[in-house]
Amino acid sequence: MILVAAIINSFKGKEYGVTGSLMAFVTVCLSSYPLQFPEFIMTVAALVIIAFVSNDRISKMLSFSMGTALLFLAVYSCASLVERKRKSEDWNYLQYAYRYSVNEKDVEFLDSIASEQPWNNRLLFDYGKNLRNSGSYEKSNSVLSQGLRQSSDPMFLNLIGRNYQDMGNLRKAEEFYLRSANRLPGRLYPYYLLARMYADSASHDPIKFKRAYRTAMQLEPKIDSPAIQEMKRDLKRWNDSISGY
C-alpha cells in the first residue's frame with residue numbers, strides 16, 4: 001500500500017524517474033526478497049520519501065512527518081538486519097562443534113542461544129537435527145516446531161515426521177509427511193519417506209504404499225541427482241518386495 005501510494009504521488013509530482021524506480025522495485029519483489037538486504041531498504045525508503053515530498057497536494061508538515069517516520073523505520077530495520085546477520089555468521093562457525101550429537105551441557109548452551117535468536121531458522125533446524133541424532137525426539141520436535149514459525153522449508157516437516165515415526169506415532173508421522181508433500185508437491189523426498197514407512201513391517205500398508213510409490217515414480221525432478229536415483233532404487237526394491245507377497 002505504501003509503495004502504491006508512493007508511485008501515484010511521484011507520478012503526480014512529475015518525478016518520473018522515481019516512479020520508474022519504484023515500479024522496478026515492485027517488479028523485483030514479485031520474484032525475489034530484496035528487503036532482506038539493508039541496501040535495498042535504505043534505497044526504497046529514500047525513493048518513497050522523495051515520492052511523497054514531490055506531490056504539492058500533500059502538506060509539507062505531513063510530508064516531513066511521513067518522511068521522518070519512514071527514515072526511522074528504515075534505519076531501525078537495517079540495524080536489526082545487520083545484527084541478525086552477524087549472529088547468523090557466528091552460528092555458521094559454531095555449528096561445526098555440534099554437528100552430529102549433543103549432550104546435556106550442549107543442550108543447555110544451545111537452548112540459551114535459541115532463546116536469544118528465535119528468528120534464526122538455520123540455528124533451529126541444525127539444533128533440532130542434532131537433537132534427533134542424539135535420540136531426543138520430543139525435544140527435537142519442540143525446537144523444529146519453533147523453526148516452522150520462522151521458515152517455510154519442508155525439511156522441518158520431514159524431520160518432525162521422522163521423529164514421530166521413530167517414537168512409534170505413525171499417524172502423526174504420516175500427517176507431517178503429507179504436509180511436507182503438499183507444501184512442495186514436486187519434491188520426491190516426502191513421498192519416499194511415506195513409502196518407506198508404509199513398507200516397514202511395523203506399519204505395513206500395501207495400499208498406501210502403492211499410492212505413494214506411484215506418485216513418487218511419476219515425479220520428474222527439475223535436476224536429477226545421485227540421491228534421487230538412490231531413492232528411486234529403494235522404492236523399486238520395496239515395491240518388488242511387497243508385490244511378491
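Computed over heavy atoms, backbone and side chain alike; hydrogens, waters and symmetry mates excluded. Start at 1 with the first residue, then count along the sequence.
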Name each donor-acceptor pair under 3.5 Å that joins a side chain in residues 27-34 to protein atoms two or more places apart or in another chain, with its distance.
from : atom 1 : to  : atom 2 : distance (Å)
T27  : OG1    : M23 : O      : 2.8

Just to verify, what does N141 make a side chain to side chain donor-acceptor pair (under 3.5 Å) with, not counting sequence neighbours? N163
N121: side chain to side chain donor-acceptor pair (under 3.5 Å) partners, not counting sequence neighbours: none
Does L131 reach the side chain of L144, with side-chain heavy atoms less than 4.5 Å apart? no
In sequence, state the C-alpha distance, the side-chain angles, and the governing distance for V18 and V48, and then conclude on side chain to side chain contact (heavy atoms under 4.5 Å, CB included). CA-CA 8 Å; V18 175; V48 171; over 6 Å; no
Non-hydrogen side-chain atoms of D234 and K232 separated by less than 4.5 Å: no
Enter the distance from L170:CG to M197:CE here, rounded to the nearest 0.5 Å. 6.0 Å
List for me each residue that meets salt bridge (charged side-chain N to carboxylate O under 4.0 Å, His left out) alongside D200, sequence neighbours excluded, and say none if there are none. none
The side chain to side chain donor-acceptor pair (under 3.5 Å) partners of D166 (sequence neighbours excluded) come to R132
Under the salt bridge (charged side-chain N to carboxylate O under 4.0 Å, His left out) rule, collect the residues that match up with K14, sequence neighbours excluded. none
Excluding F11, membership of its hydrophobic cluster (Ile, Leu, Val, Met, Phe, Trp, Tyr; side-chain heavy atoms within less than 4.5 Å) reads Y16
Testing the basics here: between A114 and L124, what is the closest heavy-atom pair and its distance to 0.1 Å? CB-CD2, 4.1 Å
Give me each pair satisfying ring-ring contact (aromatic ring centres under 6.0 Å, His included) with a member in residues 152-174, each pair once, sequence neighbours excluded. F125-F156, Y164-F176
Return the minimal non-hydrogen interatomic distance between N9 and A51, and the atom names on each side. CB-O, 3.5 Å
Sequence neighbours excluded and cut-off under 3.5 Å, please list the side-chain donor-acceptor pairs for residues 181-190, or say none.
from : atom 1 : to   : atom 2 : distance (Å)
N182 : ND2    : L178 : O      : 3.1
R183 : NH1    : S152 : O      : 3.4
Y189 : OH     : R162 : NH1    : 3.4

Measure the CD-OH distance between Q218 and Y213 for me, rounded to the nearest 0.5 Å. 10.0 Å
Under 3.5 Å donor-acceptor, S134 side chain and S136 backbone: no
Is a side-chain N or O of S10 found less than 3.5 angstrom from the main chain of I7, in a donor-acceptor match? yes
Considering residues at least two apart in sequence or located in another chain, which fulfil the salt bridge (charged side-chain N to carboxylate O under 4.0 Å, His left out) criterion with K236? none
One should read off an interatomic distance between K210 NZ and T215 OG1, to the nearest 0.5 angstrom, of 13.0 Å
Would you call N239 and F209 a side-chain contact if the rule is heavy atoms closer than 4.5 Å? yes
If you round to the nearest 0.5 Å, how far is CG of L219 from CE of M231? 10.0 Å
Find the distance between OG (S180) and CE (M155) and round it off to the nearest 0.5 Å. 8.0 Å
State, yes or no, whether a side-chain contact exists between L193 and R196 at a heavy-atom distance under 4.5 Å. yes
Applying salt bridge (charged side-chain N to carboxylate O under 4.0 Å, His left out) to E174 and not counting sequence neighbours gives K208
Please confirm whether the backbone N or O of G17 pairs with a side-chain atom of S21, one donor and one acceptor, at under 3.5 Å? yes
Would you say that E39 contacts M42 through its side chain, given a criterion of any heavy-atom pair below 4.5 Å between the two side chains? no
Side chains of Y177 and N158: do they bring a donor and an acceptor to under 3.5 Å? no
Any side-chain heavy atom of L47 sitting closer than 4.5 Å to one from F25? no
Could you check if a side-chain atom of I160 sits within less than 4.5 angstrom of a side-chain atom of S145, using non-hydrogen atoms only? yes
Who passes side chain to side chain donor-acceptor pair (under 3.5 Å) against E175, sequence neighbours left out? K172
For a 4.5 angstrom cut-off between non-hydrogen side-chain atoms, does K139 reach Y127? yes
